[in-house]
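Letters A, B, ... are given to chains in the order of the sequence lines, protein chains preceding strands, and every chain is numbered from 1.
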Number of protein chains: 2
Amino acid sequence: MLSKKTKYGIKALTYLAKKEQRDPIPIAEISKSENISLKFLESILLTLRKNELLGSKKGKGGGYYLLKEPSEIQMTVVMRILEGPISMVPCVSLNFYKKCADCPDETKCAVHNLMTELRDSSLEIFRNTTLADLCNC
Amino acid sequence: MLSKKTKYGIKALTYLAKKEQRDPIPIAEISKSENISLKFLESILLTLRKNELLGSKKGKGGGYYLLKEPSEIQMTVVMRILEGPISMVPCVSLNFYKKCADCPDETKCAVHNLMTELRDSSLEIFRNTTLADLCNC
DNA sequence: TAATACCCTACTATATTAATAGGATATACA
DNA sequence: TGTATATCCTATTAATATAGTAGGGTATTA
C-alpha cells in the first residue's frame, strides 16, 4: 500500500507544479485545496525541502516552491524520498539493498526473481514519468 | 513492502511445485527446507488451502499438495490471496476498489493516474508468470 | 511590533505484522 | 484399539509503522 505521506506529497508537488509562477505558496493553501491535514502536510513538505525538491520562505508572503522545473523531477526521486525503496523486498533494492537472512542463494530464490522483474517495470514507469506529466491529468 | 506472509507463501508453493510427485508434503519439511517458522507457515498454508490453491491430508503421511499444475497457477491469484490488492491505492484496485474520501475527481488525480499505470504493468507481470516459471530459478 | 508562516521535537492512537501458544481433530499403522 | 503423526483452529502478544496531533520556536514582512 502507498502511504498517505507519499500520496499527499505527490498531490502537493503536483499542486505546486500546476502554478504558472514559482512564488512561495503557503502550506495552508495546499492543505485546503487538496484536503490534507495541515500539520501532517507540514511535516511532509519539510522532508521534501530537506531532500532538495522544495525551497521555502518564512514569514508573511512565505511558503514553499519547487526548486526545479516539473519536467526535471522524476518520480523515482519523489518515491524514494517519500515511500522509500521502489522494490518490494530489500534483497532486490538498488538504493536500499539488504540480504535476506533466510535465503542462502538469491539467484535461485523465486521471490527474488519475481520481485526483480517487478522492480524493473516499476522503475521504468517512475523514471519515465515526471511531475510535468502528472499535471496533464 | 512485501509481507513475510506472502514471501513465505510463494516460497512454500514453489517448494511444492518443484516436487515431481503431488504427494502430501508435511509443513515441517517445508519449514526446515525454507527456513520458515513452523507455526507461521502453518497459518499461511491454511489460508492457501481455504482459497483452493492447496489440498491437505491429515494424519500420518499427510501434508499439503498443489491442487493444480504449477503452469496453471498465475501469480495474480497467489498475490491477491496472500498480499491483497495488486494496486497500491484502493481507488485503483480492480478487485478491492474503494473511493478516496479526499479526492473529488479520480480522473484528474495525479496519484490515481500514476498508480493506474503502475498497476497495469504489475498485473501484466503477475498474469504472465506462473508457479512453473518460478521453478526455473 | 504585530501578524504571518515556516521550523522542529515529541507524543499518541490505531493498525498491521509476524509470530507464538495450546489444544482439538483426523488418519495411518502396528 | 492405542499411539504417533500431522493438520486444524482460536486466541494472544510483541514489535513496528502509520497517520496524525500538540505546542511552542524562529524568521520575515509590513
Please set out all donor-acceptor pairs under 3.5 angstrom arising from side-chain atoms of residues 66-73 of chain B, sequence neighbours excluded.
none

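- Atom pair B/L38:CG and C/dA21:C1' shows a separation of 13 Å (rounding to whole Å applied).
- In terms of phosphate contacts, B/Y65 brings no side-chain nitrogen or oxygen within less than 4.0 Å of OP1 or OP2 of D/dA6.
- At whole-Å resolution of the value, NZ in B/K5 and P in C/dA19 are 13 Å apart.
- Going from atom CZ of A/F40 over to atom P of C/dT12 covers 18 Å, rounded to whole Å.
- Listed by residue number, the members of residues 11-32 of chain A with any heavy atom below 4.0 angstrom from DNA chain C are A/I25, A/P26, A/I27.
- Put simply, the side chain of A/M88 does not reach to within 4.5 Å of the side chain of A/S122, judged on heavy atoms.
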Q. What does nucleotides 13-18 of chain D look like as a protein-contact string, B for base, S for sugar-phosphate only, - for none, at under 4.0 angstrom between heavy atoms?
A. ------
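- When the C1' atom of D/dT7 is taken as reference, atom CG of B/L41 falls 12 Å away, rounded to whole Å.
- Sorted by first and then second residue, the side-chain hydrogen bond (donor to acceptor under 3.5 Å, both in side chains) pairs with a member in residues 126-137 of chain A read A/T130-A/D133; sequence neighbours excluded.
- Listed by chain and number, the residues in a ring-ring contact (aromatic ring centres under 6.0 Å, His included) with B/F40 are B/Y8 (sequence neighbours excluded).
- A/K50 comes within 4.0 angstrom of the backbone, heavy atoms only, and of no base.
- Clustering ILVMFWY residues whenever any of their side-chain heavy atoms sit less than 4.5 angstrom apart, transitively, puts A/L123 in the very cluster that holds B/L118.
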Q: Treat primed atoms plus P, OP1 and OP2 as sugar-phosphate and everything else as base, then score nucleotides 22-30 of chain C 5' to 3': B for base contact with protein heavy atoms under 4.0 Å, S for sugar-phosphate contact only, - for none.
A: BB-BBBS--
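- Whole-Å rounding puts the A/L54 CG to C/dA5 P distance at 17 Å.
- The phosphate of D/dA6 has neither OP1 nor OP2 within less than 4.0 Å of any side-chain N or O from B/S56.
- With sequence neighbours excluded, the residues that form a side-chain hydrogen bond (donor to acceptor under 3.5 Å, both in side chains) with A/T76 are A/Q74.
- Under the salt bridge (charged side-chain N to carboxylate O under 4.0 Å, His left out) criterion, the residue pairs touching residues 32-42 of chain B are B/K39-B/E42, with sequence neighbours excluded.
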Q: Test side-chain contact (heavy atoms from CB on, under 4.5 Å) on B/L82 and B/L48 and set out the steps.
A: CA-CA 8 Å; B/L82 294 170; B/L48 289 173; 3.9 Å; yes
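- In this structure, B/L48 atom CG and D/dT7 atom P are separated by 14 Å, rounded to whole Å.
- With sequence neighbours excluded, the residues satisfying side chain to side chain contact (heavy atoms under 4.5 Å, CB included) with A/S87 are A/V89, A/V92, A/S93, A/R119.
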Which donor-acceptor pairs under 3.5 Å do side chains of residues 10-17 of chain B form with protein atoms, sequence neighbours excluded?
residue	atom	partner	partner atom	Å
B/K11	NZ	A/D102	OD2	3.1
B/T14	OG1	B/I10	O	2.6
B/Y15	OH	B/E29	OE2	2.6

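- Within the structure, the ring pair (Phe, Tyr, Trp, His ring centres under 6.0 Å) test picks out no pair touching residues 106-137 of chain B (sequence neighbours left out).
- Straight-line distance from the CD1 atom of A/I44 to the C1' atom of C/dC8: 16 Å, rounded to whole Å.
- Phosphate contact (OP1/OP2 of D/dA19, side-chain N/O of A/Y8, threshold under 4.0 Å): absent.
- Looking at the side chain of B/R49, the nearest of the listed nucleotides D/dT21, C/dA19, D/dC8 is D/dC8.
- The side-chain hydrogen bond (donor to acceptor under 3.5 Å, both in side chains) analysis of residues 43-66 of chain A, with sequence neighbours excluded, yields no pairs.
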